[in-house]
> 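I have a structure here, written as structure tokens, and I will follow up with some questions on it.
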Amino acid sequence: MELIFLFLWGLLRSGEAAGHGNGKCFAPLYIEFAEITIDRVMVGSKVRYKCEAGYRRIPGESNFIVCINDTGLIHWTTKASVCERDSRATSQQSERKPENPVTIVPSDTAGYCGIPSPVEHTTPRVTEYAVGQELHYKCLHGYDARPPTSDISTCKEEHGKTFWTRLSLLCTNDSKSGEEMTQPIPVTGSTGCFAID
Ligand SMILES: *[C@@H]1O[C@H](CO)[C@@H](O)[C@H](O)[C@H]1NC(C)=O
Ligand SMILES: *[C@@H]1O[C@H](CO)[C@@H](O)[C@H](O)[C@H]1NC(C)=O
């Protein structure tokens, strides 16, 4: 009886943690000519396995994993398979908004998730970030001509809204004066809820 109760409670709690809305940030701010690294993936973050070209999602199969805290053991949930060969392989859908490449480089295993396990014919991509998650931005090699060339954006929550803290990066190979350069994008208060299949 108690076990069943605990199980249900656990389900409700994890449903809450995985849900859209408060406590999560979505698409990170985009900075041209920059890349993002994450050294500590926080509990509550979510990864989506995207099928590679020529493959499609197995019907009824979820393609998400979540970084969970299993009574003190922090780890990604697992997925055995996500995609199957698509015989009707059609051309890929149109380009989405630009994104900075994101690499997970775990530096600390205690309390954080590491690199998601590879799943055949997929590319894993973080799609939801827990509040407190830090993203390290760095200008790509060749576009780091003038400082600041790196910065950190953090997922924050204030007054029930989640947002990424603004960045000041100047990723360019241009040696001319600052005036002509793209200013950092000031984004605040965005709940940033982008539906991704
Ligand atoms: C994980 O859960 C344990 C309790 O089960 C708690 O003591 C610990 O602080 C949690 N860690 C994180 C990173 O949430
Ligand atoms: C900057 O990049 C552009 C295009 O990538 C290139 O044509 C130009 O030569 C570069 N300038 C410098 C100073 O490296």
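When a ligand or atom number is given, it counts from 1 through the structure's own listing order.
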> What pairs with Tyr112 under ring pair (Phe, Tyr, Trp, His ring centres under 6.0 Å), at least two apart in sequence or on another chain?
none
> Using the test salt bridge (charged side-chain N to carboxylate O under 4.0 Å, His left out), find all partners of Glu120 that sit at least two apart in sequence or belong to another chain.
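Listed in chain order: nothing, the list is empty.
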> One thing to verify: whether Lys79 and Glu61 come together as a salt bridge, which I'm taking to mean a side-chain N less than 4.0 angstrom from a carboxylate O.
yes
> If you group Ile, Leu, Val, Met, Phe, Trp and Tyr whenever their side-chain heavy atoms sit less than 4.5 Å apart, what else falls in with Ile58?
none
> Does the distance from a Lys or Arg side-chain N to an Asp or Glu carboxylate O, for Arg48 and Glu128, drop under 4.0 Å?
no
> Tell me whether Glu134 is salt-bridged to Arg40, with the criterion being a basic N under 4.0 Å from an acidic carboxylate O.
no
> Kindly print each ligand 1 N/O atom paired with any protein N/O atom under 3.5 angstrom away, one pair per line, or none if nothing qualifies.
residue, atom, partner, partner atom, Å
ligand 1, 2 (O), Asn69, OD1, 3.1
ligand 1, 2 (O), Asn69, ND2, 2.4
ligand 1, 11 (N), Asn69, ND2, 2.9
ligand 1, 14 (O), Asn69, ND2, 3.0

